[in-house]
Structures are given as C-alpha cells and as structure tokens.
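What follows is a single structure, written as structure tokens, with notes after it.
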Amino acid sequence: TSWLATTETAVQWLAPTAISLREWMGQNPAWGDRALPQLLQELRRLYPVAFSPQMAWATLDQAGLGDWQIQPIHLTGQTQPDLILTLNPAAVAPVAQAIAGKKVTLPNSGPRTFIFSGTGQLLYSDGATTTAQVYRAIADLGEKTPRLVVSAGGRSRLLQWSSQDQKFE
C-alpha cells in the first residue's frame with residue numbers, strides 16, 4: 001500500500017468526465033488515425049492473443065472497443081485536451097474474445113493506463129513500464145498543469161509534464 005499525505009487545501013483531486021472512445025473518434029478522426037496504432041501496439045504487448053496493430057477501427061468498434069471510456073483533461077498545457085484511458089482485464093476480455101473469435105484467457109495484471117495527447121501521441125503507458133509503475137489519480141496543486149499521481153514499489157510520486165523533455169517526470 002502506498003500513501004500520499006496532503007492537507008485539505010493543498011491539493012484538489014480531479015476526476016474528468018468520461019466519454020466513449022467511439023464518441024471521441026467520431027468527433028476527432030485524425031486523433032484516431034494517430035492514436036489507434038499506438039494503442040493497439042500497447043494492447044498487443046499486454047494481450048498478444050487478440051490484438052494486432054493493423055486492425056481497422058470498424059472491426060475494433062464492432063468488438064466493443066468503442067465502448068471503452070476515456071477522460072479528456074488538460075495535462076500538458078496544450079489547447080487540445082489530453083486523453084486518459086484506464087483498462088482492466090475485465091474490460092479487455094470481452095473485446096479480445098470478440099476479436100479472436102474464441103474464449104481467451106488474459107493475464108490478471110490489474111488496471112493499465114494510457115495517456116494520449118490531443119493530437120494522438122502516446123505520452124504515458126504504465127502497461128509498458130518495467131518498474132510496475134501504476135497511475136492512481138490526477139492532482140491539481142494550483143500550478144500551471146495538474147500532476148499524475150503514480151505508485152511503484154510501495155511509494156507514491158507526483159509526475160508533471162515536461163514540455164522540454166516531452167514526458168511526465
């Protein structure tokens with residue numbers, strides 16, 4: 001268990017309103033053209049039995065991927081919101097089974113979070129880290145941009161977007 005001590009006035013926890021991936025893709029098809037191959041690559045790394053980077057959006061949407069919920073929020077200071085997609089194996093399993101056309105067993109790896117820029121670039125993935133870093137929340141400390149709260153090895157850390165290094169650190 002990881003703890004983060006704070007005072008009531010020092011931090012505001014942010015919980016962006018979620019929309020379906022289908023709705024977002026309908027409003028922002030260029031985002032999907034760039035983000036979808038990256039998402040599929042990450043999913044294939046986690047769940048190789050079902051996902052391929054070349055899959056068409058229509059196939060994925062029909063399998064249920066379009067129902068997955070994303071949270072638009074400004075994390076990087078850009079004009080377009082960034083998007084948070086957090087998945088757990090229970091949400092992935094029905095989609096993977098529909099794509100594979102058979103029952104599949106997925107590793108019980110816990111939730112995985114992916115953060116994309118408003119233009120579709122993958123900015124963060126705790127599915128690809130070897131340090132078992134896990135996204136926990138978004139904290140607004142009253143600064144220019146909110147921070148990610150992540151935990152790894154029983155310790156919590158706050159990560160802020162670095163426009164110079166183009167990553168959360």
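FYI, side chains are in, hydrogens and waters are out, and symmetry mates aren't considered; it's all heavy atoms of this structure.
Judged by distance alone, the side chain of Asp165 and the main-chain N or O of Lys167 form no donor-acceptor pair under 3.5 Å. Proximity of a side-chain donor or acceptor of Asp140 to a complementary backbone N or O of Pro146 within less than 3.5 Å is not detected. Between the side chain of Gln97 and the main chain of Lys103, no donor-acceptor pair closer than 3.5 Å is present.
Listed by chain and residue number, Gln160 satisfy the side chain to side chain contact (heavy atoms under 4.5 Å, CB included) test with Thr145 (two or more places apart in sequence, or in another chain). Scanning for side chain to side chain contact (heavy atoms under 4.5 Å, CB included) contacts around Gln27 gives Glu23, Trp24, with sequence neighbours left out.
Scanning both residues, Thr86 and Pro111, for their nearest heavy atoms gives CG2-CB, 4.1 Å. Residues Gln38 and Leu122 approach most closely at OE1-N, 2.9 Å, considering heavy atoms. Scanning all heavy atoms of the two residues, the minimum distance from Ala96 to Val104 falls at CB-CG2, 3.8 Å. Minimum heavy-atom separation, Gln71 to Ala18: CG-CB, 4.1 Å. Across every non-hydrogen atom of Pro16 and Pro72, the tightest pair is CB-O, 3.4 Å. Considering all non-hydrogen atoms of both residues, Ser125 and Glu42 come closest at OG-OE1, 2.8 Å.
The line from CG of Asp82 to CD1 of Ile138 is 9.5 Å long, rounded to the nearest 0.5 Å. For the atom pair Arg22 CZ and Ser20 OG, the distance stands at 5.5 Å (nearest 0.5 Å). Between the CG atom in Leu43 and the CE atom in Met55 there is a gap of 10.0 Å [rounded to 0.5 Å]. Atom-to-atom distance recorded for Ser151:OG and Gln133:CD is 8.0 Å, nearest 0.5 angstrom. Once rounded to the nearest 0.5 Å, the distance linking CZ of Arg112 with CG of Asp126 reads 6.0 Å.
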| field | From CA spacing to verdict: side-chain contact (heavy atoms from CB on, under 4.5 Å), Arg147, Leu141 | value | CA-CA 8 Å; Arg147 294 188 183 214; Leu141 304 176; 3.7 Å; yes

| Between Ile84 and Tyr135, does a side-chain contact (heavy atoms from CB on, under 4.5 Å) hold up when you go through it step by step? | CA-CA 10 Å; Ile84 300 172; Tyr135 163 85; 3.8 Å; yes

| field | Intermediate values then yes/no, side-chain contact (heavy atoms from CB on, under 4.5 Å), Leu75 and Tyr124 | value | CA-CA 11 Å; Leu75 296 171; Tyr124 173 90; over 6 Å; no

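Heavy-atom contacts from other residues, nucleotides or ligands closer than 6.0 Å to CD of Glu169 number more than 12. The 12-atom threshold is not exceeded at CD of Gln62, counting heavy atoms of other residues, nucleotides or ligands nearer than 6.0 Å.
Looking at heavy atoms from C-beta onward, Leu83 lies out of side-chain contact with Phe114 at the 4.5 angstrom threshold. Residues Pro81 and Ile73 fail the side-chain proximity criterion, which asks for heavy atoms closer than 4.5 Å. Looking at Arg136 and Val150, their side chains never come closer than 4.5 Å, going by heavy atoms from C-beta outward. With a 4.5 Å cut-off on side-chain heavy atoms, Leu148 and Ile115 count as touching. Within the 4.5 Å cutoff, the side chain of Phe116 has heavy atoms near those of the Trp31 side chain. The shortest side-chain heavy-atom distance between Val95 and Asp67 does not fall under the 4.5 Å cut-off. Using a 4.5 Å heavy-atom cutoff, the side chains of Thr119 and Gln80 are in contact. For the pair Leu60/Leu40, a side-chain contact is recorded, criterion being any heavy-atom separation below 4.5 Å from C-beta on.
Among Leu106, Leu65, Leu46, the one residue that satisfies the side-chain contact (heavy atoms from CB on, under 4.5 Å) test with Val92 is Leu106.
Judged by distance alone, the side chains of Thr76 and Gln78 never bring a donor and an acceptor atom under 3.5 Å apart.
Note on residues 51-106: no pairs pass ring pair (Phe, Tyr, Trp, His ring centres under 6.0 Å), not counting sequence neighbours.
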